[in-house]
Structures are given as structure tokens and as C-alpha cells.
There are 2 protein chains.
Amino acid sequence: MNKPIVKQTRKMIHGPIAQAQILDAVDELFYMEGARAVSVDAVAKYAGVNKMCIYRQFESKDELLLRYLERRNHFFWENFEATMASYEGDPRQQLLQFFNNMAARTRWPGYRGCALANIVNEFPDREHPVRQLVTTSRQKLLGRLQEIAEQAGANDPQGLANGLALLLDGAFISTQTYPANHPILESLVPVVTTMVDAACLPNRQHVVSDVLAKNNK
Amino acid sequence: MNKPIVKQTRKMIHGPIAQAQILDAVDELFYMEGARAVSVDAVAKYAGVNKMCIYRQFESKDELLLRYLERRNHFFWENFEATMASYEGDPRQQLLQFFNNMAARTRWPGYRGCALANIVNEFPDREHPVRQLVTTSRQKLLGRLQEIAEQAGANDPQGLANGLALLLDGAFISTQTYPANHPILESLVPVVTTMVDAACLPNRQHVVSDVLAKNNK
DNA sequence: GTTATATGTTACTGGTTAGTAACATTGTGC
DNA sequence: GCACAATGTTACTAACCAGTAACATATAAC
């Protein structure tokens, strides 16, 4: 009457490590398949943990969703400010480089656009907590773009910031409405360049009178 | 021993009429809440028909979804071509008016952006039939915009068409990422105007030399 | 070692979903 | 009036889902 020889196959994963694995899994799954489409069981399986493990580390699926968005948002701003820092003092190049990075990112395999923008479609209720996170982030973006537009000498900084923000959201969603790596995205940086230069250059009258003045010297 | 006096409360709805009611319900519900979030039972209730009635008129929920998108797409193109027709011969105004109409639409109460763009987020699988419908429609849009850009005398019609298409998708999604009736949408038409005029005007050198020539007369 | 605590595991609840079977009722053509 | 087809109604299946209870096992502190 032998006892079972081993039951040592069980591995215990400590809380903090489990949390990291779960958040990694959520980051991948929610982004690629959408938050509503992914079950908690699927998250557990992908993370290599038990479902109960998830509910001991997090309150609910909604908390997972918020943590996911916070992380994605944090990553976005880290990149944004890093780009700004690397062209400190050159606001035009700051804007161009930011959009250049974005354009490059759209070519990543498996790119699915902006996590925050995508989630908005899954939760139409404007009072849902995820919506506030998205709105706050976008408002901040608008503010930062406007600051830089001012530094770049834009005639209408707010107008330029709005235009750039519209283009950015357009780029995000266009990666999904058009086939993967569609040439439309190649127009992003050129269009931004035109927009920025048109907004910052002295207007046509001004240019013409400059030329005339020079010509009359 | 009386028989029940009446059982006449039952109303029969004929197939074609039921179809119309169902498609109306789907149009409203799928658009406002998302296709995945709306159950067939909810559609039946909203349409005022029995669930079996739906399954006798349509194969599956997927068919409902496709019919919904086809209808929305048809409506879009009807409006688009009507706008083009009303400014026949004035390509610049055709473009501006189209975006003006779009901007006006974003201010409708309950506006939730482009039905086709929204559905893309709910069905990440690029092989799903809904994706092909969206891609086809967007490709057609790009083609039409390019034609009109050519007629407007754009230096780079494809570039302009791409830029406008990016802005359009941006406008759609920005109505959701920003609060309702956010002023960012007020920049849509000005930005489009700048973009079109910048793309169609002779370039700066050209303008300057024109002025110089005129000045030397 | 012993004990307290954290984790693993299973099975469950109560709810929802897409889709169907079976039968009752109504309308229609004749 | 009669028969047949279309529709109304109910109840169901099988699958899925978020979240939990209860108990088994492992780890860590002492």
C-alpha cells in the first residue's frame, strides 16, 4: 500500500511575481484581442497561473483593465517625453520626430493601434472609469502639443495642436481600417511636416513682401 | 364552461416587415453599444419581434452584422456622392463641403463615430468578413479622394488623399477619445482647408516669382 | 519540527449567450 | 369551410463567463 511517490509537481508562484506575469499576459491579450473578448480564464492560462491566483492579486477584471491601460499610458508618455528631451530646444524637430516614431511603430508586426483609443470602442458608456483615463491622457497630449507648437512659433498653436492630434488618432485607427502596412501611413510624416511648416512659417503675404524687399535692395 | 374569450392578442408580422424592423433595431443597437455587446435577445426586444422571428429571417448574428455594415456603408456613399454632385466642377469645394458635413455630423447627439471603423476594433481578425467590407470601402474612399485631388490640381494627389483620409479617420475616433463636442473637432475644416490649399497652390517659389513678374510689369 | 500564512486546485454558483425543437396560433389561397 | 404555409411562443441545449467556497499543499518564521 504505497503512498503516491511525489506530489511535488506543484510550483508556488509568489504574489508579486504572479502579479507581473498576470499584467504581462493582460497587456498582450487585451491589446491583441480586446478586453471584452478575453476571459479571465484565458488570462490565467496565458500567464501560467491559476484563476484564483488572479482574484487573490486583483479585485476584478475591471481592475485588470485599468492597470493595463495605466501601463500602456505610462509607456506612451515615457516615449513622448524621451523624444521631446532628445530634441530639446528644437520644437519643430520634436514634433516631427514624435510622428516619425509613431509611423515606425505602426509598422511593427501585430500593431493594433492605440490601446486607449481601442478600449473606448469597447466601452461606449462615457461614465466608465476607462473613459476618464483616456480623456485625461488625450487632454494632456493636446496641452503638450500646444506648448511645443507655441515654442515652434505657430501662428495658431491651438489650431496646430488640434490638427496634429486629429492626425495622430487618424494614424492609429487607419492602421486598422486599412490593410497592414498600407502606404497611407507613409503620408503621415510628410503631412505633419507640411502642416507644421505651414503653421509656423510667416504667411504668404509676408513671404512675398520679404522677397520684394530683398529684391528692391 | 366558457372558452377563453379572446386569444387575439397575438399579432403576426409578415416577413419583409419584420426584416425591416429587425434591421432598424440592429442599426441602432449595434451602432450605439457595439455588435458584441448586443445580444440577439436584445435585438428582438428592441425590434418588437420574437427571437425565432430573427432566425427565420436571417441566418445568424453574423449576417445581421454584415447587413448592418452594408447599410451604414451605403448611407455613407450616398451622402458622399450627393455632396460631390452638388459641387460638381468645383473640386476644392467638394472636399471642403464633405468635411464640413462630417464635422456637422460629429455634433449630432449620440454620435459614435464611423460604424465601419468601430467594428474593426471588435473584430481583430483581419480575415473576418467585416474587415473586408471595411477595407474595400476605405480603398474606394482613397480612390475617390485622389480623383478629386487631381481635379483640384494638387501637386501630389495621392499624398493629399492620404492626408485627408488620415484626418477623416482621426475625426471619427476623436469624437470618442475626447469628450462630446470637444473643440478639437472645430479644427477639422480649417485644417482640411489649409491642407487642400497648401497642396493645390503653386509652391512658394512659384508664388514669389509670380509676384515678382507682376511687379516688374 | 511546528504553526501560521500564502498559494494550488477543484468544483461550483448564478448568470448570459447563440441557436434550435416543438408545438400553438394565425393568415391565405382555394 | 379547409388545408397549408407562415408566424408566435415557450422551453430548451450546450457553451461560455465572472467570481467564489472549500479544501489541499507548500513555504517561511520561529
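Because only heavy atoms are used, hydrogens play no part in the values below, and waters and symmetry mates are left out as well, while side chains stay in. In what follows, every chain begins at residue 1, and chains take the letters A, B, ... in the order their sequences are listed. Please read these numbers as outputs of a predicted model, since none were measured by experiment.
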Quiz item: Between B/N73 and B/S137, is there a donor-acceptor pair closer than 3.5 Å when you use the side chain of the first and the backbone of the second?
Solution: no

Quiz item: Between atom CD1 in B/I17 and atom P in D/dG8, what is the gap in whole Å?
Solution: 11 Å

Nucleotide N/O of nucleotides 11-15 of chain C paired with protein N/O under 3.5 Å:
none

Quiz item: Which listed nucleotide (C/dG8, D/dG19, C/dT9) is nearest to the side chain of A/C53?
Solution: C/dG8

Exercise. Specify the separation, in whole Å, of atom CD of A/Q19 and atom P of C/dT7.
Key: 10 Å

Quiz item: Of the nucleotides C/dG19, D/dG19, C/dT7, which one has an atom closest to the side chain of B/K61?
Solution: C/dG19

Quiz item: Nearest-Å distance, NZ (B/K45) to C1' (C/dT17)?
Solution: 16 Å

Self-check item: Heavy-atom closest contact (A/M102 atom, A/F76 atom, distance)
Solution: CE-CE1, 3.7 Å

Quiz item: Given that B/R56 and B/D62 both sit by DNA chain C, which one's nearest nucleotide is further toward the 5' end?
Solution: B/D62

Quiz item: Angle, rounded to 10°, between the helical axes spanning five pairs at each terminus of the helix from C/dG1-D/dC30 to C/dC30-D/dG1?
Solution: 10°

Self-check item: Test side-chain hydrogen bond (donor to acceptor under 3.5 Å, both in side chains) applied to A/N101 - qualifying residues, sequence neighbours left out
Solution: A/T83, A/Q97

Exercise. Nearest whole angstrom, please: distance from the P of D/dA18 to the CD of A/E59.
Key: 16 Å

Quiz item: Can you list every ring pair (Phe, Tyr, Trp, His ring centres under 6.0 Å) pair that touches residues 119-140 of chain B, not counting sequence neighbours?
Solution: B/F123-B/H128

Could you go through nucleotides 13-15 of chain D and list every protein N or O atom that sits under 3.5 Å from one of its N or O atoms, giving the distance for each pair?
none

Quiz item: Between B/R105 (side chain) and B/Y111 (backbone), is there a donor-acceptor pair under 3.5 Å?
Solution: no

Practice problem: Enumerate the residue pairs fulfilling ring pair (Phe, Tyr, Trp, His ring centres under 6.0 Å) with a member in residues 20-39 of chain B, sequence neighbours excluded, ordered by first and then second residue. | Solution: B/F30-B/Y68

Quiz prompt | Set of residues satisfying side-chain hydrogen bond (donor to acceptor under 3.5 Å, both in side chains) with respect to B/R72, sequence neighbours excluded | solution = B/D27

Return a table of donor-acceptor pairs under 3.5 angstrom between the side chains of residues 32-56 of chain A and protein atoms on other chains or two or more places apart.
from, atom 1, to, atom 2, distance (Å)
A/R36, NH1, A/E122, O, 2.8
A/S39, OG, A/A42, N, 3.0
A/N50, OD1, A/M52, N, 3.1

Quiz item: Between C/dA18 atom C1' and B/N50 atom CG, what is the distance in whole Å?
Solution: 15 Å

Quiz item: How close or far is atom P of C/dG19 from atom CD of B/E63, stated in whole angstroms?
Solution: 11 Å

Practice problem: Identify, with sequence neighbours excluded, every residue that meets ring-ring contact (aromatic ring centres under 6.0 Å, His included) alongside B/H74. | Solution: none

Quiz item: Nearest-Å distance, CG (A/L64) to C1' (D/dC17)?
Solution: 15 Å

Quiz prompt | Spacing of A/I54 atom CD1 relative to C/dT9 atom P, expressed in whole Å | solution = 13 Å

Quiz item: Do you know the tightest heavy-atom contact between B/V134 and B/L116?
Solution: CG2-O, 3.6 Å

Quiz prompt | Residue pairs fulfilling ring pair (Phe, Tyr, Trp, His ring centres under 6.0 Å) with at least one residue in residues 151-178 of chain B, sequence neighbours excluded | solution = B/Y178-B/H182

Practice problem: Any chance you could measure B/T177, atom OG1, to A/R138, atom CZ, to the nearest 0.5 Å? | Solution: 5.0 Å

Quiz item: Who pairs with B/Q146 by side-chain contact (heavy atoms from CB on, under 4.5 Å), at least two apart in sequence or on another chain?
Solution: B/E150, B/P157, B/Q158, B/A161

Quiz prompt | Salt-bridge contact A/E63-A/R67 (side-chain N to carboxylate O under 4.0 Å) | solution = yes

Quiz item: Where along residues 30-44 of chain A does a heavy atom fall under 4.0 Å from DNA chain D?
Solution: A/V38, A/S39, A/V40

